[in-house]
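To keep things clear, I will list the structure first and then write my remarks on it.
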There are 2 protein chains.
Amino acid sequence: MKRNSRLSLALHTLSHMAGDPSRMRTSADIAEHAGTNPVVVRRVLGRLRKAGLLTSEKGHSGGWRLAQAPEDITLADVYLALDERLVTGGDSDEAPACSVEKALHKRVTGVLEDVEQRLIQRLSETSISEVRGN
Amino acid sequence: MKRNSRLSLALHTLSHMAGDPSRMRTSADIAEHAGTNPVVVRRVLGRLRKAGLLTSEKGHSGGWRLAQAPEDITLADVYLALDERLVTGGDSDEAPACSVEKALHKRVTGVLEDVEQRLIQRLSETSISEVRGN
DNA sequence: AAGGCACGCAACACCGTTTGTTACGTGAGC
DNA sequence: GCTCACGTAACAAACGGTGTTGCGTGCCTT
């Protein structure tokens, strides 16, 4: 994956965790499986922890674990936890001086928000426990 | 605007052109109004020309003009002409080895394609002549 | 109590993409 | 023929994202 790499990493990791929720995984293990760096893993998973999807523990038998039942975590939860809007995000907050630009912006923003809602709604239809091929 | 800057520039320019379709505009004029560079304008508008939305002429009274009636050009036409998918694009084409990843990718891709269609459908509902505040 | 392990976090380098800029060529018109 | 405006390539600059290192903190094992 390339774009949405954070979302991909998060979904991939959580999907695996859904297969064996009690098992504790270190960021090193996850990083190796995902072909990336432990720090990157902690960065992404930290957001999920802040959203209450994961818990992390330090120390010898530390690592990461699901904070909720896999059936209760939907793809939308993960998407929202990362707080990066795929369709809406990236709009600057500068008010356009040009009236045409203003009308245009309003129209486009309306469409994007609608589409964003659609995306979230569709993502909320599947949980991370459903996604596994096992 | 920031992200989707190409789309913003394209829509903004075409919306203005819709107000006076017969008038010829130079890339320098457009660039000044949009706060950017003439070359950037030509780059973006070139794609629209390739899609048959605009025509350009060289020489003294040269510049850019709509190639179709403003009522016939929808926001979706502009979006598609730029060929940059907002929601779908960016996915790498590498086949995932991990089975969980594969199942996940399939599921997410399905949702994204659905949302992309929704976006195009919504954008096709308004033409560039409707968007003006005049 | 000490050492090791794993997370938490900040700082920095690196890379790819996007945007801006310069330069030069081409065609149309005065 | 000269000017104007597009067409395109090449290059520089800015930005965002990722990878990496380093150090601190807490917890567990011995």
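Lettering follows sequence order; numbering is per chain, from 1. Since the structure is predicted, the reported quantities are computational estimates derived from the model, not experimental observations.
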List the residues meeting side chain to side chain donor-acceptor pair (under 3.5 Å) with B/T126, not counting sequence neighbours, and say none if there are none.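 Side chain to side chain donor-acceptor pair (under 3.5 Å) list for B/T126, sorted by chain: empty.
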Ring pair (Phe, Tyr, Trp, His ring centres under 6.0 Å) partners of A/H60, counting only residues at least two apart: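 A/H60 satisfies ring pair (Phe, Tyr, Trp, His ring centres under 6.0 Å) with no other residue.
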Quiz prompt | Contact list for residues 18-42 of chain B, test salt bridge (charged side-chain N to carboxylate O under 4.0 Å, His left out), sequence neighbours left out | solution =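 For residues 18-42 of chain B, and leaving out neighbouring residues, there are no salt bridge (charged side-chain N to carboxylate O under 4.0 Å, His left out) pairs at all.
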*With sequence neighbours excluded, tell me which residues meet salt bridge (Lys or Arg N to Asp or Glu O under 4.0 Å) with B/E84.*
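Once residues adjacent in sequence are excluded, the partners of B/E84 under the salt bridge (Lys or Arg N to Asp or Glu O under 4.0 Å) criterion are B/R6.
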So, using salt bridge (Lys or Arg N to Asp or Glu O under 4.0 Å) as the criterion, who are the partners of B/E125 when residues are at least two apart?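 B/E125 satisfies salt bridge (Lys or Arg N to Asp or Glu O under 4.0 Å) with B/R122 once adjacent residues are dropped.
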Nucleotides 2-5 of chain C: which of its N/O atoms have a protein N/O under 3.5 Å away?
none

### Task
Could you check which residues of residues 30-37 of chain A get a heavy atom under 4.0 Å from DNA chain D? Sort them by number, please.
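Those residues whose heavy atoms fall under 4.0 Å from DNA chain D, taken from residues 30-37 of chain A in numerical order, are A/T36, A/N37.
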* Could you name each residue pair satisfying ring pair (Phe, Tyr, Trp, His ring centres under 6.0 Å) that touches residues 12-39 of chain A, not counting sequence neighbours? =>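 Qualifying pairs, neighbours excluded: A/H12-A/H16, A/H12-A/H33, A/H16-A/H33.
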Practice task
May I ask you to verify if any side-chain N or O of A/S56 is less than 4.0 angstrom from the OP1 or OP2 atom of C/dC7?
Solution key: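 Answer no for this pair, as no side-chain N or O of A/S56 is under 4.0 Å from OP1 or OP2.
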>> Is A/R43 close enough to C/dC9 that one of its side-chain N or O atoms is under 4.0 Å from OP1 or OP2 there?
In response: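 No, outside the criterion.
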Side-chain donor/acceptor pairs under 3.5 Å, residues 45-56 of chain B, sequence neighbours excluded:
residue	atom	partner	partner atom	Å
B/R47	NH1	B/L82	O	2.6
B/R49	NE	B/S56	OG	3.4
B/T55	OG1	B/R65	O	3.4

Among C/dA11, C/dC7, D/dC6, the one nearest B/S27 by side-chain distance: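 Looking only at side-chain atoms, B/S27 lies closest to D/dC6.
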>> Measure CH2/B/W64 against C1'/D/dG7 and give the value in whole Å, please.
In response: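 Distance, rounded to whole Å: 9 Å.
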